[in-house]
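Lettering follows sequence order; numbering is per chain, from 1.
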Number of protein chains: 2
Amino acid sequence: MTHSEEDYIKAIYHLGTSGNERVATNAIAEQMETKPSSVTDMIRKLSEKEYVSYKKYQGVSLTESGIGKALSIVRKHRLWEVFLVDKLDFSWDEVHEIAEQLEHIKSEKLIDSLDKHLGFPKFDPHGDPIPSKSGVLTKTTKMLLNELKVNQSGICVGVKDSSAPFLKFLDKHGIALGDKITVLDKEDFDGSLHININDKSILISHQIGSNLYVRCD
Amino acid sequence: MTHSEEDYIKAIYHLGTSGNERVATNAIAEQMETKPSSVTDMIRKLSEKEYVSYKKYQGVSLTESGIGKALSIVRKHRLWEVFLVDKLDFSWDEVHEIAEQLEHIKSEKLIDSLDKHLGFPKFDPHGDPIPSKSGVLTKTTKMLLNELKVNQSGICVGVKDSSAPFLKFLDKHGIALGDKITVLDKEDFDGSLHININDKSILISHQIGSNLYVRCD
DNA sequence: CATAATTTTTAGACAAATCTAAAAATATAT
DNA sequence: ATATATTTTTAGATTTGTCTAAAAATTATG
Ligand SMILES: [Mn+2]
Ligand SMILES: [Mn+2]
Ligand SMILES: [Mn+2]
Ligand SMILES: [Mn+2]
């Protein structure tokens with residue numbers, strides 16, 4: 001399996017909310033920053049190798065084998081992200097691009113040793129779950145911050161958007177995974193939120209609130 | 001610079017004893033396990049990019065820019081080898097293949113952080129020097145074990161052959177970097193050596209002796 | 001439901017890296 | 001020095017991944 005095939009499988013996995021839904025050619029093209037015709041070509045190849053099931057004009061979905069492959073790549077990606085943050089002191093907004101390369105390194109023993117070295121982490125620096133060696137994902141009951149009602153609170157457990165600008169924004173405003181956030185008020189006008197975090201009260205936009213995951217047991 | 005270009009540059013570097021000598025097309029083909037015609041094609045490309053100087057039928061040598069690139073790849077290769085042995089508990093005969101992949105990961109910050117994480121090592125697990133960020137190699141005065149005279153001794157500081165079978169042989173006979181080896185006797189017949197190591201006296205072949213480096217200040 | 005807009009696929013081209021087979025240059029040996 | 005052997009290059013083909021432009025299928029709209 002080539003570098004490129006792996007990136008396509010992973011894109012299909014993420015777009016199809018973990019494998020099951022059918023994914024459109026154009027959606028893959030946009031995610032991969034490539035052209036729809038290139039996607040069609042690759043899909044045909046992946047279909048021949050039985051990683052995806054494909055009917056012309058009907059989009060693709062991952063097969064069992066494709067989901068397995070995707071989970072293995074996601075596992076590697078997220079373990080490397082943990083390594084970069086925990087061991088090499090990268091910040092969480094710097095790791096994605098490098099993990100994008102490291103996820104393609106081929107060695108079963110390497111990734112298992114890395115897992116052990118990191119203390120078998122369950123989540124990556126963005127709060128996303130790390131699949132186990134056998135492909136099991138820790139399910140968490142998380143919701144978006146702006147789904148909370150006024151006076152409810154939750155623990156920040158992940159981000160939906162993990163782009164560098166968003167992560168930098170969170171750093172700047174002192175919002176980190178594990179922090180307790182309480183919704184003090186909601187503006188009807190634009191959906192922005194008054195929240196309390198680390199004993200400070202700040203105002204955040206609807207867009208921020210819709211990209212932060214919280215858990216409120 | 002592509003994965004493949006980097007591997008060619010590195011092969012030329014190693015074959016040309018660190019850059020200066022002209023290297024034959026066939027030698028590169030053999031090292032890379034590829035065909036001479038493929039080498040000619042690649043050499044032409046590297047020549048256009050001015051990483052090598054090339055005159056038809058006369059072999060190639062690295063330019064200044066090519067040597068710089070080679071040192072950067074060798075630095076990455078050897079730092080990753082140290083990581084695998086020191087942090088992930090790999091044995092020295094298992095690391096080469098994986099480092100062969102890891103050396104192509106592109107991120108200046110990654111390799112500098114890794115260097116720091118490892119405590120700025122000067123040598124890799126096989127005793128080979130790690131080029132500094134600026135491309136400086138620690139020069140050591142090492143000689144092959146079978147160049148020693150009877151009753152001379154030296155500290156084992158490296159291997160010439162770093163293939164898994166040879167490294168496994170050394171492990172099996174308890175020979176490791178840093179060990180003191182004394183030559184007790186030499187057989188005229190086949191050049192084999194009686195040596196003393198770790199208070200034990202063993203007999204090793206000429207071939208073993210010609211692949212072990214020692215330093216005897 | 002017929003037409004327009006959008007999505008998806010096909011056809012054909014290209015760059016990168018490889019190969020085989022044959023030709024050209026260089027090296028070796030009598 | 002001439003013939004032979006070896007090395008190196010060229011010519012032409014193949015695979016992988018990509019692209020543009022055009023055709024075909026699907027979806028949306030009036
Ligand atoms: Mn990737
Ligand atoms: Mn992540
Ligand atoms: Mn390599
Ligand atoms: Mn080494």
Side-chain angles (χ1 to χ4, degrees), chain A residues 1-16 21-63 66 69-70 73 97 100-101 103-106, chain B residues 1-16 21-62 65-66 69-70 73 97 100-101 103-106:
Chain A
M1 169 152 266
T2 68
H3 185 117
S4 190
E5 287 173 331
E6 291 186 341
D7 281 341
Y8 275 95
I9 293 265
K10 195 164 58 112
I12 296 168
Y13 176 84
H14 284 130
L15 289 167
E21 287 171 41
R22 304 198 80 79
V23 177
T25 304
N26 265 9
I28 301 170
E30 197 169 327
Q31 172 94 358
M32 306 269 308
E33 297 183 310
T34 182
K35 301 292 165 183
S37 57
S38 308
V39 174
T40 303
D41 287 345
M42 180 57 85
I43 278 173
R44 269 253 226 27
K45 195 175 10 151
L46 293 175
S47 175
E48 266 153 38
K49 297 189 176 181
E50 307 206 310
Y51 289 120
V52 301
S53 89
Y54 169 56
K55 268 173 284 173
K56 269 197 203 176
Y57 294 100
Q58 305 306 130
V60 282
S61 60
L62 293 174
T63 61
K69 203 66 193 120
I73 302 161
E97 215 186 306
E100 201 57 47
Q101 300 177 59
E103 71 191 355
H104 303 289
I105 301 293
K106 273 151 198 65
Chain B
M1 169 153 266
T2 69
H3 186 117
S4 189
E5 286 174 332
E6 290 186 341
D7 280 341
Y8 274 95
I9 293 266
K10 194 164 59 114
I12 296 168
Y13 176 84
H14 284 130
L15 289 167
E21 288 170 42
R22 303 198 80 78
V23 176
T25 304
N26 265 8
I28 301 170
E30 198 169 326
Q31 172 94 0
M32 305 270 307
E33 297 182 311
T34 183
K35 302 291 164 184
S37 56
S38 308
V39 175
T40 302
D41 287 346
M42 180 55 87
I43 277 172
R44 267 251 231 22
K45 195 177 7 155
L46 294 174
S47 175
E48 266 153 38
K49 297 189 178 182
E50 305 207 311
Y51 289 121
V52 300
S53 88
Y54 169 54
K55 269 172 284 176
K56 268 195 201 176
Y57 295 99
Q58 305 306 131
V60 282
S61 59
L62 292 174
S65 146
K69 201 70 193 112
I73 302 161
E97 214 186 308
E100 201 58 48
Q101 299 177 59
E103 71 191 356
H104 302 288
I105 302 292
K106 275 154 195 64

For nucleotides 23-25 of chain C, tabulate all protein N/O to nucleotide N/O atom pairs closer than 3.5 Å, reporting atom names and distance.
{"residue": "C/dA25", "atom": "O4'", "partner": "B/Tyr57", "partner atom": "OH", "Å": "3.4"}

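Within the 4.0 Å cut-off from OP1 or OP2 of C/dT9, not a single side-chain nitrogen or oxygen of A/Arg44 is found. Taking only side-chain nitrogens and oxygens, A/Thr40 never comes nearer than 4.0 Å to OP1 or OP2 of C/dT10. Between C/dT18 and B/Ser38, no contact under 4.0 Å exists linking OP1 or OP2 to a side-chain N or O. In this model, the phosphate group of D/dT8 is not approached by any side-chain N or O of B/Ser37 to a distance below 4.0 Å at OP1 or OP2. Between A/Asn26 and the phosphate of C/dT8, there is a side-chain N or O to OP1/OP2 separation shorter than 4.0 Å.
In this structure, CE of B/Met42 is placed 16 Å from P of C/dA15, rounded to the nearest angstrom. The interatomic distance linking B/Lys55 (NZ) with D/dT7 (C1') rounds to 18 Å, in whole Å.
Using a 4.0 Å cut-off on heavy atoms, the residues of residues 28-36 of chain B that approach DNA chain D are B/Pro36, listed by number.
The 12-atom threshold is exceeded at CD of B/Glu100, counting heavy atoms of other residues, nucleotides or ligands nearer than 6.0 Å.
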Show which side-chain atoms of residues 47-57 of chain B pair as donor or acceptor with protein atoms under 3.5 Å away, not counting sequence neighbours.
{"residue": "B/Lys49", "atom": "NZ", "partner": "B/Glu5", "partner atom": "OE1", "Å": "3.4"}
{"residue": "B/Lys49", "atom": "NZ", "partner": "B/Glu5", "partner atom": "OE2", "Å": "2.8"}
{"residue": "B/Ser53", "atom": "OG", "partner": "B/Ser61", "partner atom": "OG", "Å": "3.3"}

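Between B/Ile43 and A/Gln58, the residue anchored nearer the 5' end of DNA chain D, judged by the nucleotide with its closest heavy atom, is B/Ile43.
Contact check for A/Leu46 versus A/Val60: no side-chain heavy atoms found under the 4.5 Å cut-off.
B/Ile12 approaches B/Val23 most closely through the heavy-atom pair O-CG2, 3.8 Å.
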